[in-house]
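Here is the structure we will look at.
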Amino acid sequence: GFAANLEHIEEDDHNCKTVMERVHKDNHLINSTFEQPCPDTHYKGAIVVAPKRDFHFYRKNDDGVWTHKPGPTKSTYLDASNLPIKNPQLANRNYGNTLNYKDFCGFVCVPRNRTKKRMKMFQETKQNTTRKTN
């Protein structure tokens, strides 16, 4: 919701309903299911929430492997049990303490074209580029 100029997300907003609404306002996503293929212009994603703490995204790569990027670490195809992710909805998403992504929000189709993605990081990159050239 940052790119849509919504207020900063609060602790209570870390729930599937609010996160999905905000993500949809930022991006041209298509709701999907695990089995339903995405159009060639999109890739499959999944969104999960650690209530009152955080939200997280998974991506199904073109080779069929599900990956995610936990925080500042490298992208991985392993879940919290160090097992390959076959389905994010069924994967272990409990990283201990309050970082338990126990709420599965849904599968989505995400645009491959970066200009269709209106995420905060892309907005900041564009602003930083503009600043460098001025």
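Owing to the predicted nature of the structure, the values given are computational and were not obtained by experimental measurement. One-based numbering along the sequence shown.
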### Task
Kindly give the heavy-atom pair with the smallest separation between D103 and P51, and that separation in Å.
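Between these two residues, the closest heavy atoms are OD2-CG, 3.2 Å.
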### Message
Using every non-hydrogen atom in the two residues, find where S75 and T67 come nearest and quote the distance to one decimal.
### Response
OG-CB, 3.7 Å
### Query
Is there a side-chain contact (heavy atoms from CB on, under 4.5 Å) between R53 and L99 once you walk through the steps?
CA-CA 7 Å; R53 175 77 194 283; L99 201 55; 3.6 Å; yes
For [X] and [Y], indicate whether the former's side chain and the latter's backbone hold a donor-acceptor pair under 3.5 Å.
X	Y	answer
S81	L83	no
H42	P37	no
N92	N94	yes
R59	K44	no
T18	N15	no
D79	N82	yes
R93	Q89	yes

### Query
According to the salt bridge (charged side-chain N to carboxylate O under 4.0 Å, His left out) rule, which pairs have a member within residues 62-78, sequence neighbours left out?
D62-R112
#### Entry: Non-neighbouring partners of K17 that pass salt bridge (charged side-chain N to carboxylate O under 4.0 Å, His left out), sequence neighbours left out
E21
### Task
May I have the step-by-step check of side-chain contact (heavy atoms from CB on, under 4.5 Å) for V48 and Y58, ending in yes or no?
CA-CA 8 Å; V48 297; Y58 291 84; 3.7 Å; yes
#### Entry: V110 reachable from V19 in the ILVMFWY side-chain graph, under 4.5 Å edges
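V19 and V110: one cluster.
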Please tell me if the side chains of [X] and [Y] come closer than 4.5 Å, counting only heavy atoms from C-beta onward.
X	Y	value
F104	C16	no
I85	L78	no
F57	H68	no
I30	C38	no

### ring pair (Phe, Tyr, Trp, His ring centres under 6.0 Å): pairs with one or both residues in residues 72-102, sequence neighbours excluded
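As it turns out, the ring pair (Phe, Tyr, Trp, His ring centres under 6.0 Å) pairs with a partner in residues 72-102, which skip direct neighbours, are H56-Y101.
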### Message
Run N31 and H24 through side chain to side chain donor-acceptor pair (under 3.5 Å) and show every step you take.
### Response
CA-CA 9 Å; N31 287 331; H24 276 284; 3.0 Å; yes
### Residues M20, V108; criterion side-chain contact (heavy atoms from CB on, under 4.5 Å); working and verdict
CA-CA 10 Å; M20 291 296 278; V108 292; 4.0 Å; yes
### Message
If you apply the rule side-chain contact (heavy atoms from CB on, under 4.5 Å), what do you find for I47 with V23, and how did you get there?
### Response
CA-CA 9 Å; I47 302 172; V23 170; 4.0 Å; yes
